[in-house]
Amino acid sequence: MGSAFSTSSSYLQYKNDFELVIRSTKDLEHLLETGFGAPSGKNIGLHDKITAAQNSHGLSQDTVKKLRYLVTIRNKLVHDHDFNALPDRVHFAKSYDSVEKELKGKLKGPSSSSCVIS
(Lines give C-alpha, C1' and ligand atoms only; values in the text may rest on other atoms or scores of the structure.)
Protein backbone atom coordinates (compact mmCIF):
# COMPACT_ATOMS: atom_id res chain seq x y z
CA MET A 1 0.00 0.00 0.00
CA GLY A 2 1.22 3.52 0.53
CA SER A 3 0.96 6.47 -1.75
CA ALA A 4 1.28 4.51 -4.99
CA PHE A 5 -1.89 2.66 -5.93
CA SER A 6 -1.89 -0.18 -8.40
CA THR A 7 -4.05 -0.50 -11.48
CA SER A 8 -6.32 -3.39 -12.34
CA SER A 9 -3.87 -4.73 -14.90
CA SER A 10 -1.37 -5.36 -12.13
CA TYR A 11 -4.09 -6.88 -9.94
CA LEU A 12 -4.87 -9.46 -12.61
CA GLN A 13 -1.42 -10.91 -11.96
CA TYR A 14 -2.90 -12.58 -8.87
CA LYS A 15 -4.23 -16.02 -9.71
CA ASN A 16 -6.00 -16.32 -6.36
CA ASP A 17 -9.34 -14.49 -6.18
CA PHE A 18 -8.94 -13.85 -2.47
CA GLU A 19 -5.65 -12.05 -2.99
CA LEU A 20 -7.02 -10.05 -5.92
CA VAL A 21 -10.08 -8.90 -3.97
CA ILE A 22 -8.37 -8.22 -0.65
CA ARG A 23 -5.44 -6.30 -2.15
CA SER A 24 -7.64 -4.15 -4.37
CA THR A 25 -10.19 -3.32 -1.67
CA LYS A 26 -7.41 -2.57 0.83
CA ASP A 27 -6.05 -0.03 -1.64
CA LEU A 28 -9.52 1.45 -2.13
CA GLU A 29 -9.98 1.72 1.62
CA HIS A 30 -6.61 3.43 1.99
CA LEU A 31 -7.45 5.83 -0.84
CA LEU A 32 -10.82 6.69 0.70
CA GLU A 33 -9.23 7.33 4.10
CA THR A 34 -6.15 9.25 3.01
CA GLY A 35 -7.43 11.04 -0.05
CA PHE A 36 -11.06 11.66 0.82
CA GLY A 37 -10.95 11.91 4.61
CA ALA A 38 -13.22 8.91 5.12
CA PRO A 39 -13.36 7.86 8.76
CA SER A 40 -11.18 4.97 9.90
CA GLY A 41 -11.47 2.53 12.74
CA LYS A 42 -12.55 -0.99 13.52
CA ASN A 43 -16.24 -0.08 13.66
CA ILE A 44 -16.28 1.81 10.34
CA GLY A 45 -17.05 -0.36 7.32
CA LEU A 46 -16.16 0.27 3.72
CA HIS A 47 -19.77 1.09 2.87
CA ASP A 48 -19.64 3.84 5.53
CA LYS A 49 -16.42 5.16 4.01
CA ILE A 50 -18.01 5.22 0.56
CA THR A 51 -20.95 7.20 1.90
CA ALA A 52 -18.61 9.68 3.61
CA ALA A 53 -16.60 10.19 0.40
CA GLN A 54 -19.79 10.52 -1.63
CA ASN A 55 -21.14 13.20 0.70
CA SER A 56 -17.90 15.15 1.01
CA HIS A 57 -16.57 14.91 -2.56
CA GLY A 58 -19.62 14.45 -4.76
CA LEU A 59 -18.73 11.07 -6.23
CA SER A 60 -20.88 10.12 -9.21
CA GLN A 61 -23.68 7.59 -8.75
CA ASP A 62 -21.88 5.29 -11.21
CA THR A 63 -18.70 5.36 -9.12
CA VAL A 64 -20.61 4.78 -5.88
CA LYS A 65 -22.44 1.84 -7.48
CA LYS A 66 -19.15 0.29 -8.62
CA LEU A 67 -17.54 0.89 -5.21
CA ARG A 68 -20.46 -0.81 -3.50
CA TYR A 69 -20.25 -3.73 -5.95
CA LEU A 70 -16.53 -4.19 -5.19
CA VAL A 71 -17.11 -4.04 -1.44
CA THR A 72 -20.10 -6.39 -1.60
CA ILE A 73 -18.03 -8.94 -3.52
CA ARG A 74 -15.25 -8.53 -0.94
CA ASN A 75 -17.68 -9.07 1.93
CA LYS A 76 -19.20 -12.14 0.29
CA LEU A 77 -15.78 -13.64 -0.40
CA VAL A 78 -14.65 -13.08 3.18
CA HIS A 79 -17.85 -13.87 5.09
CA ASP A 80 -19.96 -16.23 2.96
CA HIS A 81 -18.76 -19.80 3.44
CA ASP A 82 -20.11 -20.90 0.05
CA PHE A 83 -18.73 -17.97 -1.98
CA ASN A 84 -15.14 -18.88 -2.86
CA ALA A 85 -14.47 -17.43 -6.29
CA LEU A 86 -15.17 -14.29 -8.27
CA PRO A 87 -18.03 -14.77 -10.70
CA ASP A 88 -16.18 -12.60 -13.25
CA ARG A 89 -12.55 -11.61 -12.57
CA VAL A 90 -12.30 -9.30 -15.58
CA HIS A 91 -15.49 -7.42 -14.62
CA PHE A 92 -14.20 -7.03 -11.06
CA ALA A 93 -10.85 -5.70 -12.32
CA LYS A 94 -12.48 -3.33 -14.81
CA SER A 95 -14.81 -2.00 -12.12
CA TYR A 96 -11.82 -1.43 -9.85
CA ASP A 97 -9.91 0.33 -12.63
CA SER A 98 -12.84 2.62 -13.40
CA VAL A 99 -13.34 3.53 -9.74
CA GLU A 100 -9.64 4.09 -9.15
CA LYS A 101 -9.45 6.40 -12.17
CA GLU A 102 -12.37 8.55 -11.02
CA LEU A 103 -11.15 8.72 -7.43
CA LYS A 104 -7.66 9.75 -8.49
CA GLY A 105 -9.18 12.29 -10.89
CA LYS A 106 -11.18 13.80 -8.03
CA LEU A 107 -8.00 14.12 -5.97
CA LYS A 108 -6.25 16.03 -8.77
CA GLY A 109 -9.13 18.48 -8.98
CA PRO A 110 -10.01 20.55 -12.02
CA SER A 111 -7.08 21.19 -14.28
CA SER A 112 -6.25 24.69 -15.29
CA SER A 113 -3.87 25.69 -18.02
CA SER A 114 -3.73 29.36 -17.07
CA CYS A 115 -1.21 30.76 -14.66
CA VAL A 116 -2.10 33.69 -12.46
CA ILE A 117 0.56 35.73 -10.67
CA SER A 118 -0.49 38.51 -8.35
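All values below were derived from every heavy atom in this structure, side-chain atoms included, with hydrogens, water molecules and symmetry-related copies excluded. The residues of the chain are indexed from 1 along the displayed sequence.
Here the closest heavy-atom approach between residue Pro39 and residue Ile44 is recorded as O-CG2, 3.6 Å. Here the closest heavy-atom approach between residue Val21 and residue Ser24 is recorded as O-OG, 3.1 Å. When all heavy atoms are compared, the tightest approach of Gly35 to Leu107 is O-CD2, 3.0 Å. Taking all atoms of both residues into account, the shortest heavy-atom contact from Leu77 to Ala85 is CD1-N, 3.7 Å.
By the rule that hydrophobic residues join a cluster once side-chain heavy atoms approach within less than 4.5 Å of another member, Val71 and Val78 end up as members of separate clusters.
Sorted by first and then second residue, the salt bridge (Lys or Arg N to Asp or Glu O under 4.0 Å) pairs with a member in residues 35-47 form an empty list; sequence neighbours excluded. Each ring-ring contact (aromatic ring centres under 6.0 Å, His included) pair with one or both residues in residues 47-67, not counting sequence neighbours, appears once here: Phe36-His57. Residue pairs meeting the ring-ring contact (aromatic ring centres under 6.0 Å, His included) criterion with at least one member in residues 65-86, sequence neighbours excluded, are Tyr69-His91.
Partners of Asp62 by salt bridge (Lys or Arg N to Asp or Glu O under 4.0 Å), not counting sequence neighbours, listed by chain and number: Lys66. When the salt bridge (Lys or Arg N to Asp or Glu O under 4.0 Å) test is applied to Lys49, the partners found at least two apart in sequence or on another chain are Glu29, Glu33. Residues that satisfy the side-chain hydrogen bond (donor to acceptor under 3.5 Å, both in side chains) test with Thr51, not counting sequence neighbours, are Arg68. A search for salt bridge (Lys or Arg N to Asp or Glu O under 4.0 Å) contacts involving Glu102 returns nothing, not counting sequence neighbours.
Judged purely by atom type and a 3.5 angstrom limit, Asp48 uses its side chain to pair as donor or acceptor with the backbone of Gly45.
Asp17 places none of its side-chain heavy atoms less than 4.5 Å from the side chain of Phe92. Using a 4.5 Å heavy-atom cutoff, the side chains of Leu28 and Val99 are in contact. You'll find the side chain of Leu103 reaches within 4.5 Å of the side chain of Leu59, heavy atoms only.
Between atom OG of residue Ser56 and atom NZ of residue Lys106 there is a gap of 10.0 Å, rounded to the nearest 0.5 Å.
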ask   = Taking it one step at a time, do Ile22 and Lys26 satisfy side-chain contact (heavy atoms from CB on, under 4.5 Å)?
value = CA-CA 6 Å; Ile22 298 302; Lys26 278 177 69 171; 3.8 Å; yes

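When each of Ile50, Thr25, Thr72, Leu46 is tested with Leu67 by the rule side chain to side chain contact (heavy atoms under 4.5 Å, CB included), just one qualifies, namely Ile50.
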